[in-house]
Structure formats: structure tokens, C-alpha cells
Q: 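Questions regarding the structure given below will be posed in turn.
Numbered from 1 within each chain, the chains take letters A, B, ... in sequence-line order.
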2 protein chains.
Amino acid sequence: MKKLTISAIAELAGVSKATVSRVLNGYPHISQELREQVEAIIAETGYQPNQVARSLASDRSNIIGLVIPKGTDAVFLDPYFPALTNGITQVSNNNSLTLALFIFHSEQEGHDTIKSIVNTGLLDGLILTTDRVTLDRTTDPFVPQLIERDMPFVMIGRPDNLQDDIIFIDTDNAEGGYLATRHLIDLGYQRIATISSKHNSAGDDRLAGYRKALDESDIAIDWALVAYGDYTLESGYKGMKKLLPQQPDAVFVASDTMALGALRAIQEVGLKVPHDIAIVGYDDLPPAIQATPQLTTVRQDVETLGGMAVEMLLDAIRGDKSGIRHVFLSSKLIIRDSCGAVQKQA
Amino acid sequence: MKKLTISAIAELAGVSKATVSRVLNGYPHISQELREQVEAIIAETGYQPNQVARSLASDRSNIIGLVIPKGTDAVFLDPYFPALTNGITQVSNNNSLTLALFIFHSEQEGHDTIKSIVNTGLLDGLILTTDRVTLDRTTDPFVPQLIERDMPFVMIGRPDNLQDDIIFIDTDNAEGGYLATRHLIDLGYQRIATISSKHNSAGDDRLAGYRKALDESDIAIDWALVAYGDYTLESGYKGMKKLLPQQPDAVFVASDTMALGALRAIQEVGLKVPHDIAIVGYDDLPPAIQATPQLTTVRQDVETLGGMAVEMLLDAIRGDKSGIRHVFLSSKLIIRDSCGAVQKQA
DNA sequence: TTCTCATCTGAAACCGGTTTCAGATACTGT
DNA sequence: ACAGTATCTGAAACCGGTTTCAGATGAGAA
């Protein structure tokens, strides 16, 4: 079967290429008669315009890129990226966008690729994710290039150095930290510790939420009850080890993975959760349910996050400056067994 | 900054577009002098050719597609797809390929998208994955279309109805099943059960490996010791419940997730692993290490799988018929605690 | 010296669409 | 009936590259 081109269709329909193009793109001023004539031929032949030629002529590829700047490890240690990707593809599909995936396995690779992405004009826009685990991400190396080249992009995760003209979406980490801590306070715990993480906005914000909840209840912050980890299970374990001598009766841990480590530390010294120490985690990953006891945790709707990112990017590509440029998505507290709420009610 | 085009470069270098194009593509018959002249300008300006125009003219986009035909759930319940994606992007990056990701959230969506993928000529080729969990995948709806349209593709996972002209790569599931079972036999277990899965080639092959190992040791297969699951934790749990009355002293479970379920079932009735019943799993997912006891399991190198798939696809795109068309990747037994090997040695 | 032939280069066609521009037609209002 | 305007359509230019083709140049052979 030979390839169908717009010229072939034009000939078959007895009109010009221009007319076929106009029908294809739903232009207004076309007589009903011709339009139907052309549409009939298109339906009959199953013609679909060549995407590449279209891109060249219209300077729009309908391809957006998803940038994940990290190698092996983190990408699949937790379902964050898969969930995100899922949300993104869903909305992309609905908008007839093609998603190009860029995973960088080294900094050099990222550098080179971004450069060529920007220069070769294949993409209409980019969604940038940041490494959630990296402790120092003060400077995203790509952003200046993108801005200089006028490449529309949206960031997932609040950039550390907040610039007003950068479009981003994030979960409301401060709210999440607040909800978790508030919940523990409401349950009557007195010495509420936390394991957070330094040097990244998510950790900072969750800690800020923790402090706000304490403040609200006129509980002075006790820095001996604050430990830091790096989102790994080990760091949660070590953090809890450090906190245990302070005899907290509850702990808000800024990630489920760390919470699992903390849980292990607690159980190792013979204490019971939630009876002796209550735990609230963060993320609501599958292991949270599999743990014993099941983890009370803060759930972020990562899929929605991804979907909204695509929509915001589309606005930016269309040049719609009126669109929403900064979004903080609400989080939700999922109450299970590790916080003791269930037991207290019973 | 105005966009650089090949014409601009040609003018700057004082040559024709054609010459610049030839330099760009490393054509042979160009005088050293002109070549250097052009290269100097290119380096100076940082010019990079427009990918879209190039695609249109050369009928090659350097974009390949990765098709994942499934919705939400399975994509992130296990790290299979993330690992696969990782391997694929790695090799893609090395070959200056762009990877387009297609995740279908419904059958209809998949159908429509494939159609337009094939027709609009944006992609050079496709990597097709199959739903590992789906029980009935006898017919892949895309394959006939792809063949008809001459779209190069490679399948990941052996197609059920093996056609010689289809390029595919898979892990050697039969070997994996064999290794696991053989190991249990060598450890002296007598009543070795298995939980496999029906209606998909991976399950079939793992079971075949199990049978081969038994055969080799002249152990007659006892169908009462064979249960089936669907790769979920629950199905592993149920499968084991069914097997327990048969009093097996070991069980080969065709997925780690199911093995975890089986483990729970065993522990629930007060039996100890590996003392009372040994377990060998499959996949070597992170939970395998977190389990107590740690799971002995069969590891598949999914990343390599993805990488090789890209290379095979490249061969196919280049029209290289001599390339390898069917690959079965070796698996490896990872010995930990749940099989009892460690204890027996001590 | 002259004729071939290989090597190198540029003009122009081409890939398959979109978009500008101007001409044709039909529809107003006077 | 006629100018003026709105609506519709096609020819041709254009997007930014690649590739064909033929002409120019220079080296080697006769």
C-alpha cells in the first residue's frame, strides 16, 4: 500500500491541497459541500496526515518531554515516578500529545541531551522533575537554558529558589506535615518527635507544617525531638535510634520508607507501636499497608499532580499567560493503625 | 536570538546548503578545506539541525516508541517496568534516539493510538511490552497492523503464538524455573510444590522448568503439588493454603509477590520458613530482601533486557535481516535464607 | 597536448504538510 | 443595474532539511 499524502486526497476529492488542509484543521470558511466531499474521501481512505510534515510547517510537534534527571536507583525504589508518569500519559493521551521520556543516567548526559532538546526544536515543551532524594538541589542546571531559548516548561516540585516566573506544581508539603502532627496532637500525645530531611523543599515544608501544628497548640518546639534522614530506610532507622532516648510518645516521619526504618528501630528495643510510640508516615506507598501495624500516613495524589502538570504546560505552550502558574495540591491523612487512633476510639 | 538554519550556516561559511548538509552527515567526498571551514562555523554558532525538518526529508525520525498496554495498577506494583524503561533509555540515549512513551489506560485508547502511530509516520519503530499479569493474551491486537504497515518492532516477552518472523526478547523462564527447582532438589527436599500461573508464557515456561528439574531427578510430578495464581499476593496466599494439606517441604513460587503471600500463609499456620517449608521466589524485587526470612529467588536482568531490545530494534530499522531475532536472557538464582541452603551449610 | 575519469560542489527538486495572497463568486444595499 | 463587501477556493511560497543531477575542476593516461 502506497502512502497517502494530502495531495493524493486533494486529487481524489477534486480540490486543492489547501482545501484539504483546511478541512483537516477545522477552518471556518469552507462550504458545507466541499467539506463533506473531502471528509468522505478521508473516511474512506483512512488517511491520517503525516505528523512530521505537519510539525515542520506549523512549528508545533505536539510532543512534550518528561525529564527525569537521575539514574538507576531512585527511579524504582518507590512508585512515585511510575504514578507520576501514569498521570502524565493519561492527560497527554487525551490531548493527542506524544510524550517523550528523558531519563538521564549521568549529569553529562543530561547536559548534552537538554542542549539538543532545546536546539533541535522537536519538543513543544518540557515537564521537569527533580530528584526527590538529592540533598542539594539548589540549582537546576537546565532552567536557565530553557528560559533563554523560550522553551515552555513546568517544574514538578517547588524550586528551592522560588522565582515568580517559573511555572510549577507541587504537593502541599507544609499542609501534609501539619495534618500529620495535628492528628497526633489531637490524639493527646505529648512528646511528638519528627524525622524530616534537610536541604530540600519537601523536607523543609513538612517540618514547617510540623512546627505550625505545635505552635497552634502552644507546644514549644524541642529540637532534641527533631532528627533528619535522607529518605532511605536506614536513615529512618538511625534517626529513630537517636530519638528514642528522648522518650517521645509519637513521631511524624517525613516518608513511609523512613517510617519503616523507624518502626524497626522501635520494635527492636521491645516497644510497641502504637501503644508505646505512635507513628505517622508520608507518601502512602504500598509498603505502608503491608507493614505491621499498618501505617497511618499522608497521601499525595501524584497522578493528579502529573495530569495537572500537563495541563499547565499546555497553557504555557499556547502562550496563555493567564493560566495558573503555581499550584500546591492538597494532601490527605490516611488513618490506619500506627497512630493509635483506632485503638483510642475503641 | 534568531533561529539558526542550514541556509544561515551555508551563507556564513560561504558554501551551499548541500555542502553543509554533507558535512553534517559525514559524507565522504568533501575537501578537507571546506569541511573544516563549515565545521568551524558550526562550532562557533552552536548550530544544531532542526530535527523535524531532518525527519521529513530523510524519512527517519530517530524516535522509537515504547508501548505499555495497561492501566494504573500493574505499572507500579512492581519495579519491572521502571527497570525495563531504565535499560531502554540508557541504550536509546547512547544511540541518540528519542523514546516516546505510550501507556494505554484502556483498550480503546490503545487501539486508536496504535493506529495513528502507525499512520502518521512519526516513529521509526516500536518496542511492545505485554501485560505480565493478564491471564489471556493470546492475541496481541497490534501486531497484525504493524506487520501490514511495515513498522519495525520488537516484542518483550515471548509471544504465545510463536511466529518466526516476529522479533522478540525474553528472559529464559524455563531456565529460571529449572534453576530454582534444581536447587531445592539438591538441598534434599522431597515434596517440592509450586505455585505458577496459567495462560501466559512466563508461567508456562517456569512450570516447564520445574517439571524438567523433577524429571531429571526421576521424581514423578504430583499434580496435587501444583497450584496456580495470578501474580498477586492474595493468589499466592490462597495457592499456599491449598497446598499446605499436601504437606510439601518446599515450594517454588513463580513470583516474589506471590511468594510473600505464600510466606504469610505458611506462617499463619505456625510453620517456619525454611525449617518446615522452604521457599524460592522469582523476580528478585526489593520486597524479597525486606521479607523475613529473606527470599531466595530468581533474578532476571530486566535492564539488560530493555537495552538489548533497543539494539535489536535498531537492527530491524536499519533493515539488517541478519541480526539476532530471538533472544532468551539467562536468569540467575539468588540464594538467601528462605530456601534453607545457608542453614544446611552451617 | 588532449581526452577520460574521478572528485568535488552547487542549483534545484523534493519530503508533506500550512499559510499567505489574490482571484472568483455570491450577496448586500442603493 | 452596479459598486462594495463578504465568503470561498486554489496557486504558490514556505518550513528546514536531504538528495539527485549535472557542471566544474584537476589528475592521470594516451
Q: Less than 4.0 angstrom between a side-chain N/O of B:N50 and OP1 or OP2 of D:dC15, yes or no?
A: no

Q: Between A:N86 and B:H105, does the side-chain contact (heavy atoms from CB on, under 4.5 Å) criterion hold? Intermediate values first, please.
A: CA-CA 9 Å; A:N86 225 39; B:H105 303 86; 3.7 Å; yes

Q: Are any of B:Y47's side-chain N or O atoms less than 4.0 Å away from OP1 or OP2 of D:dG16?
A: no

Q: For B:V52, report the nucleic acid contact type (base, sugar-phosphate, nothing); a contact means any heavy atom under 4.0 Å.
A: nothing

Q: Expressed as a whole number of angstroms, how long is the span from A:K17:NZ to C:dT20:P?
A: 15 Å

Q: Could you state the CZ-P distance from A:R22 to C:dT20, rounded to the nearest angstrom?
A: 11 Å

Q: Could you tell me the separation between the CD1 atom of A:I30 and the P atom of C:dT19, rounded to a whole number of Å?
A: 13 Å

Q: Does A:Q300 form a side-chain hydrogen bond (donor to acceptor under 3.5 Å, both in side chains) with A:T171? I'd like the steps, not just the answer.
A: CA-CA 7 Å; A:Q300 331 182 51; A:T171 54; 2.6 Å; yes

Q: Rounded to whole Å, please give me the gap between CG in A:N119 and C1' in D:dG17.
A: 16 Å

Q: As a quick check of understanding, evaluate side-chain contact (heavy atoms from CB on, under 4.5 Å) for A:I169 and A:I156, giving each step before the final call.
A: CA-CA 5 Å; A:I169 179 170; A:I156 293 195; 4.1 Å; yes

Q: Would you mind reading off the distance between A:Q32 atom CD and D:dC8 atom C1', rounded to a whole angstrom?
A: 13 Å

Q: Could you state the CD-C1' distance from A:Q51 to C:dG16, rounded to the nearest angstrom?
A: 12 Å

Q: Look at all strands and tell whether A:L56 reaches a base, only sugar-phosphate, or nothing, counting heavy atoms closer than 4.0 Å.
A: base

Q: Among C:dG10, D:dT18, C:dG16, which nucleotide sits nearest the side chain of B:V15?
A: C:dG10

Q: Name the closest nucleotide to the B:A57 side chain, picking from C:dT19, D:dG17, D:dC15.
A: D:dG17

Q: For the residue pair A:F328 and A:F168, does the interplanar ring angle fall in the parallel (under 30°), tilted (30 to 60°) or perpendicular (over 60°) class?
A: perpendicular

Q: Looking at B:R54, I'd like to know whether one of its side-chain N or O atoms comes within less than 4.0 Å of OP1 or OP2 on D:dT18.
A: yes

Q: Can you tell me if A:S31 touches the phosphate of D:dT9, counting only side-chain N or O atoms and a distance under 4.0 Å to OP1 or OP2?
A: yes

Q: How about CD on B:E107, more than 12 heavy atoms from neighbouring residues, nucleotides or ligands closer than 6.0 Å, or not?
A: no

Q: I want to check one thing: is the phosphate of D:dG16, taken as OP1 and OP2, less than 4.0 Å away from some side-chain N or O of B:T5?
A: no

Q: Under 4.0 Å between a Lys/Arg side-chain N and an Asp/Glu carboxylate O for B:D112 and B:K115?
A: no

Q: Side-chain N or O of A:T19 less than 4.0 angstrom from OP1 or OP2 on D:dT9?
A: no

Q: Return the value, rounded to whole Å, for the distance between atom CD of B:E11 and atom P of D:dG16.
A: 14 Å

Q: Taking only N and O in the side chain of A:Y27, is any of them less than 4.0 Å away from OP1 or OP2 of D:dC8?
A: no

Q: Whether B:S21 contacts D:dT18 is assessed here as follows: a side-chain N or O lying under 4.0 Å from the phosphate OP1 or OP2. Is that the case?
A: yes

Q: Write down the distance between CD1 (B:I6) and P (C:dC15), rounded to a whole number of angstrom.
A: 18 Å

Q: Quick check: on DNA chain C, is the nucleotide nearest B:R35 upstream (toward 5') of the one nearest A:N25, or the reverse? Name the residue that is more 5'.
A: B:R35

Q: Using heavy atoms to find the nearest nucleotide of DNA chain D for A:H29 and B:A53 separately, return the residue whose nucleotide is more 5′.
A: A:H29

